[in-house]
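Just so it is clear, the values below take in all heavy atoms, side chains as well, and ignore hydrogens, waters and symmetry mates.
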Amino acid sequence: MKLHTYFRSSAAYRVRIALNLKGLAYESIPVHLLKNGGEQLQESYRAINPAGLVPSLQDGGHILTQSLAILEYLDEAYPEVPLLPRDPFARARVRALAQTIACEIHPLNNLRVLKYLTGTLQLTEVAKTQWYRHWTEQGLRTLEAHLTRNSGEAETGAFCHGDTPTMADCCLVPQVFNAQRFQVDMSAYPTVMAIHARCSALKAFAAAHPSQQQDAE
């Protein structure tokens with residue numbers, strides 16, 4: 001199994017966590033998003049992923065893209081240490097939490113979006129940071145509300161759903177890392193941060209951290 005990754009990519013970070021949680025061995029192939037004009041844009045990598053994005057996962061003769069699709073694949077192909085609960089409602093809730101991050105927060109602070117703001121649209125670094133913080137804070141408020149909503153069922157536990165990590169936690173931890181890089185005040189999200197702390201204490205999460213990757217700067 002080969003993972004085309006970038007140490008600071010939130011999407012690749014999610015997949016590294018999932019692979020570690022499942023105890024799956026993989027070869028890490030760095031794709032630097034800034035050097036050489038962006039290695040993800042080179043023809044050799046676009047042959048693997050036409051979108052020019054990371055991560056891409058090669059498993060046998062198959063190439064998979066899009067982090068949430070990869071997580072779903074890993075859970076179906078390698079069911080040990082499941083990332084999704086068995087109950088249909090619980091599965092839907094975990095997917096919704098993961099998508100709140102991966103579909104509502106992350107796309108608006110992705111590197112290519114931020115580069116477009118400062119490049120094509122000529123926004124200042126200050127304006128770019130304001131953009132980033134606005135959308136990240138709005139998304140984190142929503143996530144915090146979902147995690148603390150009392151529906152009378154045992155949903156949020158030590159982790160996003162229950163007392164074992166799920167796909168939602170694979171998304172939460174990279175998003176917190178990303179927010180902290182841009183100095184977002186995280187004090188307004190105590191549940192998010194408590195879950196983040198519990199995840200970070202686990203080896204699978206710690207080993208996936210950007211600072212532990214071979215291409216870390």
Side-chain angles (χ1 to χ4, degrees), residues 5-17 30-41 49 51-55 65-68 71 94-149 156 159-160 167-200 205-206 208-213 215-217:
T5 179
Y6 176 58
F7 76 106
R8 213 158 49 200
S9 161
S10 296
Y13 192 173
R14 296 169 197 152
V15 176
R16 295 197 300 266
I17 293 169
V31 180
H32 204 291
L33 303 188
L34 298 175
K35 290 181 179 177
N36 305 314
E39 293 176 352
Q40 76 279 15
L41 303 177
N49 186 339
L53 299 170
V54 294
T65 62
Q66 292 295 335
S67 62
L68 294 190
L71 297 189
V94 168
R95 286 187 174 110
L97 293 171
Q99 290 174 22
T100 295
I101 298 166
C103 303
E104 303 294 338
I105 304 175
H106 181 239
L108 291 165
N109 57 53
N110 188 275
L111 175 63
R112 60 179 179 169
V113 172
L114 299 182
K115 288 179 70 175
Y116 183 80
L117 293 176
T118 55
T120 304
L121 299 185
Q122 298 286 295
L123 267 64
T124 65
E125 287 295 319
V126 170
K128 180 192 81 172
T129 300
Q130 289 175 334
W131 164 281
Y132 176 93
R133 290 177 179 165
H134 170 79
W135 294 113
T136 298
E137 289 166 356
Q138 180 171 302
L140 289 173
R141 282 195 298 272
T142 299
L143 181 62
E144 180 76 13
H146 279 300
L147 292 171
T148 56
R149 183 171 57 179
T156 302
F159 298 95
C160 286
M167 178 187 296
D169 302 284
C170 293
C171 293
L172 180 146
V173 168
Q175 189 58 57
V176 170
F177 169 80
N178 208 331
Q180 290 174 327
R181 276 187 61 225
F182 282 83
Q183 300 179 324
V184 172
D185 181 3
M186 302 299 290
S187 63
Y189 322 109
T191 309
V192 168
M193 293 309 294
I195 293 170
H196 176 265
R198 295 185 194 103
C199 290
S200 298
F205 286 83
H209 192 277
S211 66
Q212 300 305 304
Q213 306 315 302
D215 57 329
E217 296 173 352

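The heavy-atom pair separating I101 from L143 by the smallest distance is CD1-CD2, 3.8 Å. Shortest non-hydrogen contact noted between A11 and P55 is CB-CD, 3.6 Å. The two residues C170 and R14 have their closest heavy-atom pair at O-CG, 3.3 Å. V192 and L172 get closest at one heavy-atom pair: O-CD2, 3.9 Å. Counting all heavy atoms, side chain and backbone alike, S10 lies closest to N178 at OG-ND2, 3.0 Å.
Annotation: side chain of C160 is not in contact with side chain of T156 (no heavy-atom distance under 4.5 Å).
Aromatic ring centres of H209 and F177: separated by under 6.0 Å.
Counting only distance, with no hydrogens or angles, the side chain of D185 and the backbone of S187 share a donor-acceptor pair below 3.5 Å. The backbone N or O of Y6 lies less than 3.5 Å from no partner atom in the side chain of Q213, so there is not a single donor-acceptor pair. Of the possible polar contacts, none joining the Q183 side chain to the Q180 backbone as a donor-acceptor pair under 3.5 Å is found. Between the side chain of W131 and the main chain of L108, a donor-acceptor pair closer than 3.5 Å is present.
With sequence neighbours excluded, the residues satisfying side-chain hydrogen bond (donor to acceptor under 3.5 Å, both in side chains) with T5 are R16.
The structure places CG of D169 at 6.5 Å from CZ of F159, a figure rounded to the nearest 0.5 Å. The distance from the CZ atom of R95 to the SG atom of C103 is 12.5 Å, given to the nearest 0.5 Å.
Using the six-membered ring where Trp is involved, H32 and F7 have ring planes that are tilted, between 30° and 60° apart.
Legend: salt bridge (charged side-chain N to carboxylate O under 4.0 Å, His left out) pairs involving residues 112-136, not counting sequence neighbours, sorted by first then second residue: E125-K128.
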